[in-house]
Amino acid sequence: MKKQLPIDQVLPELLAALSCSNNAVLLAEPGAGKTTRVPLALLQAPWLRGQRIVMLEPRRLAARAAAQYMARELGEAVGERVGYRVRMDTKVGPRTVIEVVTEGVLTRMLQEDQALDGVGVILFDEFHERHLHGDLGLALALQSQQLLREDLRLIVMSATLEAEPIAALLQQAPVIRCEGRLFPVKTNYVDGDKKTPLSTRMGRCIQDALNNHEGDVLAFLPGVREIRQTSRWLASAGLPANVQIRELYGSMPLQQQAETVAGCMDSRRKVVLATSIAESSITVDGVTVVIDSGLMRVSRFSPKSGMSGLETVPVSKASADQRRGRAGRLMPGTCYRLWREEEHRYLADQNAPEMLSADLSSLALELSIWGIAIPAELDWVTPPPMAAYEQASDLLQRLGAMKPSGQPTAEGRLIARLGVHPRLGAMLLSAKSIDELRIACELAALLSERDILPQERNVDIELRLDKLRRDGNRDPALQRIAAAAGQLERIVVGAWQNNKWQNSRRSAGVLLAAAYPDRIAQRRSDGRLLLAVGRGAVMPAEQLLSASSYVVACELDDAGAEGRVLLAAALSQEEIDTELAAYIHDSEELYWDEQASAVRASRKRMLGAIVLSEHPLNQPDRDQISDVLLHVVQQRGWDLLPMKGKAQSLLERMQLMARGGRTEWSRMTGEALLASADEWLKPHLYGLKSRADLQRLRMADLLSGLLTWEQRKMLDEQAPTHLIVPSGSRIPIDYSNPDQPVVAVRLQEMFGMTETPRLADGIIPLTIHLLSPAQRPVQVTSDLKSFWSEAYFEVKKDLKGRYPKHYWPDNPLTATATNRAKPRK
DNA sequence: CTCTCCCT
């Protein structure tokens, strides 16, 4: 008799829903039993009609375990009615009806047969994890259902999820909910000073938990560094003798992980310090207390640099709840959260889907093979972000996997079948001989898995190759990598059918350059690296690689201002010159030499942003020189040009006209003219290359050439060079302040002028500096009328005393202006 | 002073 599980109660509802709808969303909390009961329940569904059931699992371990459990329920071995397909391990037979597959496998199944002939239903288990290929699989399956397979059924299963957006995407699918089977867990929020190191706060909380509760403690920390720090804090703070500290994180050998998870052999209690790996991938037995730091580390892809880096971020509410649930598997438990209850509501509901932060190159390749031009042709729960998607398309084109049209090349189709990152796929296809292919396969397999020498500070990938060749058939982890390398080799050899091989033995570094041309790096004098993409990177000093002047940085942490190299291969100068010539381009670079005040030219051999060598160039291209000159002029402004006398005045008058109301003059400000200098100045820069050459330009002619005849006339009328005053003198107008043109004129020359002259369409009044007979300023005005009626009489009194021989009339409005002491009779 | 998790 089968054990009752909570899911059993909703199975009739699910079956009923699927008899009238093609899609369904099943929300079931952990422990409800959905993974094993739902596929078995569907076996009897009338609509299945002998077709297969495919269930998607996010992990290989989970896929195998689910298949094994279901087979046992049926009293069969795996591979009879229930089987699984994961990478490099397939157990399905001719009678297999339920296939449990992992995400990449589903993508391949869909790509090989878009109609999924013979499949009646796809179940997306643990969909809330929102892996990139899970989202992709759902988007592809949905389109297949819409265009080719209206009878295909899709079921999205999830622990915690906002069901509505997915239900809407699945054509308003019914949502079925099911309770879980966990014990209650009491939640305590622990307020701590955020300035206290996390390891200290965590350590104290662990001590308290050990004192106040029975059972084992599971602590969630963001990463290995915090795990080590907390472990050290606890060791020095002292723990009861019956307590054992254990660490748990993904880069640990599997054997060690298993030991951590297992119960203690003696009666000791254990404290497990874990990353988010213990949230759903690994279950730790015996836990009654969970302590959650509230942090996790996530990878974030930068479309700008094409690299990923790690970020420490707050967990989501869903993640925090999932972590808390780990304390309620055995009996009622306790959870401590190292944040304040008020802070909790600011946490995101769900973790961000991988789509938003991942490298999308393999997604873009799959879409191209699926046959769509833009992602918007599919329905997505979360559409791919454009910046990352475009970066991915660019990369695929550079790797030769995609045509500019967006269609895949033959190589691209093969790369997708290899099941490695498109960069590594392109490297495999670049191998010219069987020897090279073997190395490339080993490299691809190594780089597709976690580092096999995580403790090793030397980042040289050759050390890993050596270890793989030495211990590849002993260590289980290495066996997997060696098997993956062998599988890759078989696919490529099969595809090329022996018609491509030459004699060639290029190094690992040269092969890796085909995968990471943008990460070829040059060592600079201070020991830092300059990557071909133009970013800097650092590599620990005592590396074997430090003898090499070039490297390929295959793995980088792009977190800080400078990337940190995690894995690299050496490249020699000779290899750069002979093997990587395809990436090198000559560039004639012209630049403004400040000291010589002239344009200089040099020829550089460049590999991306890396300068391989540089020589001065004797006869640079004149057109390019004038480009540089123009650019310098535009940057520096008018100072580089001979703006004196007439030219300067002309420019100032044109600026004044721009202050007026007419739009035709708005292009005539100094700023606007610099911006449009490529139109009017550049033709005159041809053949020039220095500041001295520029000084010979006839700027007045150039500027006045910009004006039509009418405009010149208007300029002379409305921004004249001189003002003719009542005395008959021509007084120059100073336009150096374009808001306030000024004339300076002796007061007596102005008698009779009642209205202040206005310029630029009458918008700007002229400012008049009235001078004494000795040319000393006595008054500034832009309102002559009120000057004559008021201030004049004060001024007159004063000046009459000092210049008695001069003419100081009582009525300045009718008096005769003079440029002498007194007007001629 | 050290890199989260996962997959074709």
Side-chain angles (χ1 to χ4, degrees), chain A residues 56-63 85-90 101-112 126 129-137 140 220-229 231-232 247-252 257 274-282 293 295-301 307-313 315 319 322 351-354 357-359 361-363 365-366 369 414-422 424-425 444-445 448-451 453-459 480 484 487-488 491 538 540-542 555-560 563-567:
Chain A
L56 182 65
E57 285 296 322
R59 275 168 290 281
R60 294 195 272 240
L61 199 72
R85 285 176 203 266
V86 300
R87 174 160 213 184
M88 296 198 302
D89 186 9
T90 295
V101 305
T102 36
E103 291 162 340
V105 174
L106 178 70
T107 308
R108 288 272 68 72
M109 289 170 76
L110 279 155
Q111 293 284 28
E112 268 156 44
E126 314 285 5
E129 295 195 13
R130 298 297 308 279
H131 293 174
L132 189 64
H133 274 261
D135 276 21
L136 172 64
L140 298 183
F220 284 98
L221 288 152
V224 177
R225 186 174 62 226
E226 292 83 355
I227 287 176
R228 292 281 154 78
Q229 285 164 349
S231 182
R232 249 180 279 134
E247 301 177 354
L248 181 61
Y249 46 85
S251 60
M252 229 162 71
Q257 285 182 7
T275 60
S276 52
I277 195 173
E279 202 175 300
S280 50
S281 310
I282 294 184
S293 67
L295 297 170
M296 60 180 177
R297 266 209 261 287
V298 293
S299 168
R300 179 163 297 279
F301 179 75
M307 298 174 216
S308 294
L310 289 178
E311 250 177 43
T312 306
V313 298
V315 293
S319 238
Q322 175 75 20
N351 287 345
E354 204 182 0
S357 59
D359 175 353
S361 13
S362 101
L363 180 102
L365 182 58
E366 297 295 353
I369 291 171
L414 179 51
I415 287 171
R417 273 177 46 212
L418 292 169
V420 291
H421 191 286
L424 299 173
S448 301
E449 295 284 332
R450 266 189 249 271
D451 189 4
L453 291 173
Q455 314 287 3
E456 174 60 60
R457 295 205 59 196
N458 190 329
V459 299
R480 266 210 345 216
Q487 190 194 35
L488 290 170
I491 300 175
V538 288
E542 73 279 22
E555 269 188 41
L556 282 152
D557 179 8
D558 195 33
R564 204 175 65 249
V565 177
L566 303 170
L567 275 179

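In what follows, chains are A, B, ... by sequence order, proteins preceding strands, each numbered from 1.
If you take CD of A/E279 and C1' of B/dC6, they are 13 Å apart, rounded to a whole angstrom. Rounded to whole Å, atom P of B/dC1 lies 11 Å from atom CD of A/Q229. In this structure, CG of A/L365 is placed 20 Å from P of B/dC7, rounded to the nearest angstrom. Nucleotide B/dT4 holds its P atom 13 Å from the CG atom of A/L295, rounded to whole Å. Between the P atom of B/dC6 and the CE atom of A/M252 lies a distance of 12 Å, rounded to the nearest Å. Taking atom CZ on A/R108 and atom P on B/dT8, their separation rounds to 11 Å, with Å as the unit. Here the P atom of nucleotide B/dT4 and the CG atom of A/N351 are 16 Å apart, to the nearest Å. If you take CD1 of A/I491 and C1' of B/dT8, they are 9 Å apart, rounded to a whole angstrom.
At a threshold of 4.0 angstrom between heavy atoms, the contacts of A/Q455 with the nucleic acid are absent. Within 4.0 Å of A/S299, counting heavy atoms only, lies at least one base atom of the nucleic acid. Counting any heavy atom pair closer than 4.0 Å across all strands shown, A/S281 reaches sugar-phosphate atoms only and no base atom.
Here the CD1 atom belonging to A/I277 is positioned 3.5 Å from the CD1 atom belonging to A/I282, to the nearest 0.5 angstrom.
OP1 or OP2 of B/dT8 sits under 4.0 Å from a side-chain N or O of A/T102. Using a 4.0 Å cut-off, some side-chain N or O of A/R450 falls inside it from OP1 or OP2 of B/dC5. Considering only side-chain N and O atoms, A/T275 lies under 4.0 angstrom from the phosphate OP1 or OP2 of B/dC5. For the OP1/OP2 pair of B/dT8 and a distance below 4.0 Å, the side-chain nitrogens and oxygens of A/R60 include at least one atom meeting the criterion.
The side chain to side chain contact (heavy atoms under 4.5 Å, CB included) check on A/E449 picks up A/R60, A/R480, A/I481, with sequence neighbours excluded. Take A/L453 and apply the side chain to side chain contact (heavy atoms under 4.5 Å, CB included) test, not counting sequence neighbours, and it matches A/D451, A/E456, A/L463, A/R464, A/K467.
The 5' end of DNA chain B is approached more closely, in terms of each residue's nearest nucleotide, by A/V224 than by the other of A/E449 and A/V224. Between A/I277 and A/V105, the residue anchored closer to the 5' end of DNA chain B is A/I277, taking for each the nucleotide with the nearest heavy atom.
Of the candidates B/dT4, B/dC6, B/dT8, B/dC6 carries the atom nearest the A/R59 side chain, counting heavy atoms from C-beta on. Taking every side-chain heavy atom of A/V86 into account, B/dT8 is the closest of B/dC5, B/dT2, B/dT8. Residue A/Y249 places its side chain closer to B/dC5 than to any other of B/dC5, B/dT8, B/dT2. Considering only side-chain atoms of A/R228, the nucleotide from B/dT4, B/dT8, B/dT2 that sits closest is B/dT2.
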- Message: Could you walk me through whether A/R108 and A/E366 satisfy the salt bridge (Lys or Arg N to Asp or Glu O under 4.0 Å) test, starting with their C-alpha distance in whole Å, then the side-chain angles of each, then the deciding distance to 0.1 Å, before giving a yes or no?
- Response: CA-CA 9 Å; A/R108 288 272 68 72; A/E366 297 295 353; 2.8 Å; yes

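Donor-acceptor pairing under 3.5 Å is recorded for the side chains of A/S319 and A/E279.
A distance-only check finds a donor-acceptor pair linking the side chain of A/Q257 to the backbone of A/Y249 [under 3.5 Å].
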